[in-house]
Amino acid sequence: MKIAVIGRGNVGGELADFWERAGHEVKRIGREGGDISEAEAVVVAVPGAAIAEAFDNVQGLEGKTVVDATNLVGAEPPEGFSSNAEFVKSRTNGPTAKSFNTNFAALYDRIGEAHSTPSNLWCGDEEARQVVEQLSRDAGYEPFYAGPLENAALQENFLKLEFAINRGGLGRFFYRMATPDQL
Ligand SMILES: NC(=O)c1ccc[n+]([C@@H]2O[C@H](COP(=O)([O-])OP(=O)(O)OC[C@H]3O[C@@H](n4cnc5c(N)ncnc54)[C@H](OP(=O)(O)O)[C@@H]3O)[C@@H](O)[C@H]2O)c1
């Protein structure tokens, strides 16, 4: 698959490495932007508050299947939207999914240590299912469906719950290493 990853930091950079190793062709886009018209799948991994600015510098978004991995830490989605993922869809008019935002990049290199395949929550359009499930599996996760795109705000807020669990002392592995039947 031809994948464009917008944001090449902890999340975008390391997921791009996974997908290249799985045989995909990956174009990495930083804040300078670029043309993604050839991509069959697009993954967004920029700071949540920078999503609108990032999209302004990217050409070829129309109709693309996009997986939005952003989180909003101390920020709100663009005005008029309840989630970044719904903003994404308004800019692409294509199949959209929210995913990879509930797994910490610091644990990417430990996925193989899990006693069973860790799950990767996603919500979004049915038309995005094949792409998001394949990208999840090729990064080492088992995809776990969390409903339609309207649930993206809930999934973005899930991070706050994860932080609370971690602060509560239940440990950072609690969600990362759970399998779907344990959730
Ligand atoms: N870190 C995690 O564990 C984790 C887990 C799940 C989700 N997330 C979310 O995933 C996103 C990325 O996190 P990260 O940890 O990978 O961040 P990061 O390491 O800081 O990388 C951010 C990337 O976004 C790019 N960027 C910054 N401002 C931009 C702009 N205005 N336009 C276009 N690109 C811009 C940067 O470009 P340059 O390369 O040009 O500087 C960089 O490549 C965030 O929304 C974060 O909340 C993070």
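When a residue number appears, it is its place in the shown sequence, counting from 1. Only heavy atoms go into these numbers, but all of them, side chains included; no hydrogens, no water, no symmetry mates. When a ligand or atom number is given, it counts from 1 through the structure's own listing order.
Ring geometry for Tyr145 versus Trp122: interplanar angle of 30 to 60°, hence tilted. Ring geometry, Phe18 versus Tyr108: the interplanar angle exceeds 60°, so the pair is classed perpendicular (tilted spans 30 to 60°).
Protein heavy atom nearest atom 39 (O) of ligand 1, with residue, atom name and distance: Arg8 NE, 3.2 Å. Considering only non-hydrogen protein atoms, atom 19 (O) of ligand 1 sits nearest to Asn10 N, 2.9 Å. Nearest protein neighbour of atom 21 (O) of ligand 1, counting heavy atoms only, is Gly9 CA, 3.3 Å. Among protein heavy atoms, the minimum distance from atom 3 (O) of ligand 1 is reached at Ala105 N, 2.8 Å. Considering only non-hydrogen protein atoms, atom 47 (O) of ligand 1 sits nearest to Asn71 CB, 3.2 Å. The protein atom (non-hydrogen) at minimum distance from atom 40 (O) of ligand 1 is Arg31 N, 3.0 Å. Closest protein heavy atom to atom 13 (O) of ligand 1: Val11 CG2, 3.9 Å. Nearest protein heavy-atom neighbour of atom 24 (O) of ligand 1: Pro47 CD, 3.4 Å.
Of the residues listed (Glu162, Gln155, Glu156), the one engaging Asn101 in a side chain to side chain donor-acceptor pair (under 3.5 Å) is Gln155, and it is the only one.
The closest side-chain donor-acceptor pair between Ser82 and Glu86 falls under 3.5 angstrom. Side-chain contact of Asp138 with Gln134: a donor-acceptor pair under 3.5 Å is present, judged by distance alone. Side-chain N/O atoms of Lys98 and Thr70 include a donor and acceptor closer than 3.5 Å. Judged purely by distance below 3.5 Å, without hydrogens or angles, the side chains of Ser136 and Glu133 never pair a donor atom with an acceptor atom.
At under 3.5 Å, a nitrogen or oxygen of Gly48, whether backbone or side chain, sits near a nitrogen or oxygen of ligand 1. For ligand 1, one of its N or O atoms has an N or O atom of Val46 under 3.5 Å away.
The pair Lys89-Asp68 does not count as a salt bridge, with every side-chain nitrogen at least 4.0 angstrom from each carboxylate oxygen. Salt bridge Arg28/Glu20: present, at least one basic N to carboxylate O contact under 4.0 Å. With respect to the salt-bridge test (charged N to carboxylate O, under 4.0 angstrom), the residues Arg91 and Asp56 qualify.
Ligand-side atoms of ligand 1 in range of Gly7: 23 (C), 24 (O), 43 (O), range being under 4.0 angstrom from any heavy atom. Proximity to Glu53 (heavy-atom distance under 4.0 Å) selects the following atoms of ligand 1: 31 (N). Those atoms of ligand 1 that come under 4.0 Å of a heavy atom in Ala50, given as number and element, are 31 (N). Here is the list of ligand 1 atoms found below 4.0 Å of a heavy atom in Ala69: 7 (C), 8 (N), 9 (C), 10 (O).
Considering Ala45, Gly34, Gly30 only, the shortest heavy-atom separation from atom 12 (C) of ligand 1 involves Ala45. When Asn103, Leu72, Thr70, Ile29 are ranked by how near their heavy atoms come to atom 5 (C) of ligand 1, first place goes to Asn103.
For the pair Ile36 and Leu61, the minimum side-chain heavy-atom distance is below 4.5 Å.
Contacts between Ala54 and ligand 1, counted as non-hydrogen atom pairs separated by less than 4.0 Å, involve both the backbone and the side chain.
Residue Ile6 places no heavy atom under 4.0 Å from ligand 1.
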